[in-house]
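Throughout, protein chains are lettered first and strands after them, A, B, ... in sequence-line order, and every chain is numbered starting at 1.
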Amino acid sequence: MSKMPVNPPSWRNDTVLPLPNEVKANAWAVDAACSGNPGPMEYQCIDLQTGAQVFHYGPIHGTNNIGEFLAIVHALALMDQKGITDKVIYSDSVNAQLWVNKKQCKTKLERTPQTEQLYQVIARAENWLRTHPITVPIFKWETKKWGEIPADFGRKG
RNA sequence: ACAU
DNA sequence: TCATGT
Ligand SMILES: [Mn+2]
Ligand SMILES: [Mn+2]
């Protein structure tokens, strides 16, 4: 029998999705994907407790950062609509979290007939943010430590 | 440089 | 390798 000290496990395995111990399971994770950037963009949300997809939107022509932004706002609005107050949100996008806190999508995507529909969606999201307080914590998913966020589309490299 |  | 962003 070894006398070596055994470190406590850093990952929990009692959840549907294995999660790092530092990660809250009562949470939704969001992520965006873009086929080309700009290009056909989509985003989705995964419930970390069940692994179920909570919502999916797109594809629609846009950028990675617009998708990351809209995904967070969509999660906030849906939680509000469902009366969910105890969950938190994970996103891997520092940029999107900054935009949400500013309540403004600071994209440089050209505004053309092709992007007009998306700009309308952005306007609705910004309007929602201006008219609702953000009460749910939004946490950075630490990809380098934990691997890809569970909402990732798994299409990179 | 950092994060996508 | 390219693009989106602070
Ligand atoms: Mn992401
Ligand atoms: Mn991803």
J.: Can you tell me which residue pairs pass the ring pair (Phe, Tyr, Trp, His ring centres under 6.0 Å) test with a partner in residues 13-35 of chain A, sequence neighbours excluded?
T.: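 Not a single pair qualifies under ring pair (Phe, Tyr, Trp, His ring centres under 6.0 Å).
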J.: Taking salt bridge (Lys or Arg N to Asp or Glu O under 4.0 Å) as the test, write out the residues that go with A:R111, two or more places apart.
T.: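 Checked A:R111 against salt bridge (Lys or Arg N to Asp or Glu O under 4.0 Å); matches are A:E116.
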J.: Going by side chain to side chain contact (heavy atoms under 4.5 Å, CB included), name the residues that satisfy it together with A:S35, two or more places apart in sequence or in a different chain.
T.: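 By the side chain to side chain contact (heavy atoms under 4.5 Å, CB included) rule, A:S35 matches A:P40.
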J.: Can you list, by residue number, the residues of residues 96-105 of chain A that have a non-hydrogen atom closer than 4.0 angstrom to DNA chain C?
T.: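 When residues 96-105 of chain A is checked for heavy atoms under 4.0 Å from DNA chain C, the hits, listed by number, are A:L98, A:W99.
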J.: What salt bridge (Lys or Arg N to Asp or Glu O under 4.0 Å) pairs are there with at least one residue in residues 29-38 of chain A, not counting sequence neighbours?
T.: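 Residue pairs with at least one partner in residues 29-38 of chain A: there are none.
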J.: Distance alone, cut at 3.5 Å: any donor-acceptor contact between the side chains of A:N127 and A:R130?
T.: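 A pair is found: one side chain offers a donor N or O, the other an acceptor, under 3.5 Å apart.
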J.: For A:K108, enumerate each residue passing the salt bridge (Lys or Arg N to Asp or Glu O under 4.0 Å) test, keeping only those at least two apart in sequence or located in another chain.
T.: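 Here no residue qualifies.
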J.: For RNA chain B, note the earliest and the latest nucleotide, 5' to 3', having some atom under 4.0 Å of a heavy atom belonging to chain A.
T.: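 Listing 5' to 3', RNA chain B meets chain A from B:A3 to B:U4.
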J.: Should the heavy atoms of other residues, nucleotides or ligands under 6.0 Å from CD of A:E148 be counted, would the total exceed 12?
T.: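 More than 12 heavy atoms, drawn from other residues, nucleotides or ligands, come within 6.0 Å of this atom.
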J.: Show every salt bridge (Lys or Arg N to Asp or Glu O under 4.0 Å) that has at least one partner inside residues 6-29 of chain A, sequence neighbours left out.
T.: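 Counting only pairs at least two positions apart or across chains, the salt bridge (Lys or Arg N to Asp or Glu O under 4.0 Å) contacts touching residues 6-29 of chain A are A:E22-A:K145.
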J.: When all nucleic acid strands are considered with a 4.0 Å heavy-atom cut-off, which category describes A:K144: base, sugar-phosphate, or nothing?
T.: sugar-phosphate
J.: Taking a pair as Watson-Crick (N1 to N3 plus N6-O4 or O6-N4) or G-U wobble (N1-O2 and O6-N3), both under 3.5 Å, which stems of 3 or more consecutive pairs involve RNA chain B?
T.: B:1-4 with C:3-6
J.: May I ask you to evaluate whether A:K106 reaches the phosphate of C:dT6, defined as a side-chain N or O under 4.0 Å from OP1 or OP2?
T.: yes
J.: Show me the pairs that pass salt bridge (Lys or Arg N to Asp or Glu O under 4.0 Å) and involve residues 76-86 of chain A, at least two apart or across chains.
T.: none
J.: Name every residue in residues 51-64 of chain A that has at least one heavy atom under 4.0 Å from any atom of DNA chain C, in order of residue number, or write none if there are no such residues.
T.: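 Within this stretch, A:T63, A:N64 sit under 4.0 Å of the strand.
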J.: Any pair with a residue in residues 40-53 of chain A that passes side chain to side chain donor-acceptor pair (under 3.5 Å), sequence neighbours left out, goes on the list, sorted by first then second residue, please.
T.: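 Every pair satisfying side chain to side chain donor-acceptor pair (under 3.5 Å) with a residue in residues 40-53 of chain A: A:E42-A:H56, A:E42-A:R155, A:Y43-A:H74, A:Q44-A:Q53.
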